[in-house]
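Here's the structure, in structure tokens; my notes come after.
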Amino acid sequence: MKLKPPMQPSTLPNQLPAQLPVPDASALAHSQQLQKILLQRIEAAGGWMGFDTYMETALYEPGLGYYSGGATKFGPAGDFVTAPELSPLFGATLARPIADWLRASASQVLEFGAGSGALAAQLLNALGSQDCAPEQYFILELSGTLRARQQETLARVAPQWAERVRWLDALPENFDGVMLGNEVLDAMPVRLFVKHEGLIRERGVASHRGQCVFADAPADAALGAQITALETHLGGALPDGYVSEVCPAASAFIASVAACLQRGVVLLIDYGFPAREYYHPQRTQGTLMCHYRHHAHGDPFLYPGLQDITAHVDFSALAHAAHDAGLTLLGYTSQARALINAGITELAANLDRNDLATFLPAARGLQTLMAESEMGELFKMIAFGTGSTNFDTTLFNQGNRHL
Ligand SMILES: C[S@@+](CC[C@H](N)C(=O)[O-])C[C@H]1O[C@@H](n2cnc3c(N)ncnc32)[C@H](O)[C@@H]1O
């Protein structure tokens, strides 16, 4: 992945890398409408906007953003595939620790950013079969179009539990139970920075001949202080020319979660690293990445509203913010290790091999979930608890890692 240098026009639609599919006319018109809004807002802000504002608009602008405008496509025919789309074993396995946590708290689940609703359906079915179906399953979803898709998935895949699902517009004031989110943190807006002649500059967005382009500006005090604190944590200065990102939105998110979680566990699953790996001196271009119909590339200005924009998660920063907000770290490990700890191999062994229509996709998905070269190592699970010391940590007992 390579970020474009400042002030270079982004790839124009007629200069696309050959392998990227071209959207149809109505999708292009949708994207151009969003692009117009972005350019107007850059102009109104004096010619420059932070990359976090650009990313938030491109993903969540009501009716037009990638997640809020109906363009999101999950699964093999879409832009990217997430773990619950790969195999129902993912949700069935997570239901085991979640059942334990529900027994040690109230019988309710709150899922953030439930995407297509696949994980909610898998969890409800698996918890139901353990006689532990939550009394309420809440979904907090930013996108109205995704809510509709989740309702459809639940009615089709978990009809006996669908009436227990409620959608929320905001975090509840007090929550007792289990909260979880798969690939939610990576969809939160990031601030880009560049180290230039020993100084921190913020990489934002300007307009150039009707296109959004990168443009650097002096860092404000908050960003400067955050990078200074990061360099202190890392034990040395980042090298000159270094480009990366920070995600204050993820820290603010975990602080809000902590403020409303009275008793229970929050489990977050995503791709990322601890700070020492994230900000490794050799990772000189950060982790910003775009996904468009299963093509990963580095141009966030291509087709705004039609492509996903994402960055890896700094789990050290997340753990730090959670600690400051009063949550206790229950554990942190790779997805493969956590799923093994929770018994995925046992569940896989119990699949009916004669039912090829179910067995083959589940087995294929298992390979992608677990393989070190695919999701097994890059993806991590982290959990925090509060209000009790009785939360089971089997998910992390083998292979728990330091942050
Ligand atoms: C990459 S998708 C993952 C969807 C789903 N969890 C899955 O695994 O397939 C990111 C999701 O996070 C949601 N999201 C992002 N920020 C959020 C927030 N602060 N609160 C709730 N949902 C959020 C998006 O609307 C979207 O549904």
Side-chain angles (χ1 to χ4, degrees), residues 52 55-91 93-94 109-123 137-151 153-154 157 166-172 175 179-190 247-261 266-272 289-292 294 296 305 307-313 318 321 335 365 368-369 375 378-381:
D52 52 344
M55 183 169 165
E56 182 156 19
T57 311
L59 297 183
Y60 302 109
E61 179 70 13
L64 289 172
Y66 177 71
Y67 284 109
S68 48
T72 329
K73 293 187 188 71
F74 296 97
D79 300 307
F80 53 82
V81 180
T82 60
E85 309 288 336
L86 279 168
S87 172
L89 286 173
F90 184 73
T93 307
L94 286 183
V109 173
L110 167 50
E111 183 181 352
F112 301 107
S116 71
L119 181 56
Q122 290 164 14
L123 284 174
Y137 193 107
F138 297 102
I139 292 179
L140 180 52
E141 174 59 67
L142 300 183
S143 153
T145 51
L146 286 179
R147 275 189 195 195
R149 204 174 309 176
Q150 291 153 13
Q151 280 158 348
T153 303
L154 285 157
V157 184
R166 299 271 177 280
W167 280 263
L168 302 177
D169 293 319
L171 279 168
F175 187 82
M179 295 176 163
L180 77 150
N182 183 60
E183 289 203 41
V184 171
L185 298 169
D186 70 73
M188 294 191 180
V190 291
C247 191
S251 301
F253 169 79
I254 198 72
S256 320
V257 163
C260 81
L261 187 61
V266 53
L267 170 68
L268 296 164
I269 306 152
D270 227 307
Y271 40 92
M289 181 76 75
C290 307
H291 295 272
Y292 178 63
H294 287 283
Q307 66 166 354
D308 193 21
I309 307 173
T310 157
H312 288 38
V313 175
L318 187 76
Q335 172 166 293
T368 311
L369 290 178
M375 296 171 84
L378 179 61
F379 280 69
K380 311 291 189 314
M381 297 203 191

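Read the numbers this way: they start at 1 and go in the same order the structure lists the ligands and their atoms.
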Closer than 4.0 Å to some heavy atom of [X] - which atoms of ligand 1 meet that?
X: Leu146; value: 27 (O)
X: Met188; value: 19 (N)
X: Leu140; value: 21 (C), 22 (N)

Parallel, tilted or perpendicular: rings of Tyr67 and Tyr60 (30°, 60°):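 Parallel.
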Counting only heavy atoms, tell me which of [options] gets closest to [atom].
atom: atom 14 (N) of ligand 1; options: Val184, Thr82, Ile139; result: Val184
atom: atom 8 (O) of ligand 1; options: Leu142, Leu86, Ile269, Asn182; result: Asn182
atom: atom 13 (C) of ligand 1; options: Gly113, Ser143, Ser256; result: Gly113
atom: atom 2 (S) of ligand 1; options: Tyr66, Tyr67, Phe253, Tyr60; result: Tyr67

Ligand 1 contact on Pro84 by region, counting heavy-atom pairs under 4.0 Å: side chain
Minimum heavy-atom distance Ile254-Ala321, with the two atoms named: CG2-CB, 3.5 Å
Considering all heavy atoms, the nearest Val257-Leu171 contact: N-CD1, 4.0 Å
Test applied, side-chain hydrogen bond (donor to acceptor under 3.5 Å, both in side chains); reference residue, Trp167; option that passes from Gln150, Gln151, Glu141: Gln150
Donor-acceptor under 3.5 Å (Gln122 side chain, Gly91 main chain): yes
Gap between atom OG1 of Thr57 and atom CD1 of Ile309 - 0.5 Å precision: 9.5 Å
Rounded distance [0.5 Å steps], CG in Asp270 versus CG in Leu378: 9.0 Å
Heteroatom proximity flag, Glu141 to ligand 1, N/O under 3.5 Å: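 The answer is yes, given that Glu141 and ligand 1 share an N or O pair closer than 3.5 Å.
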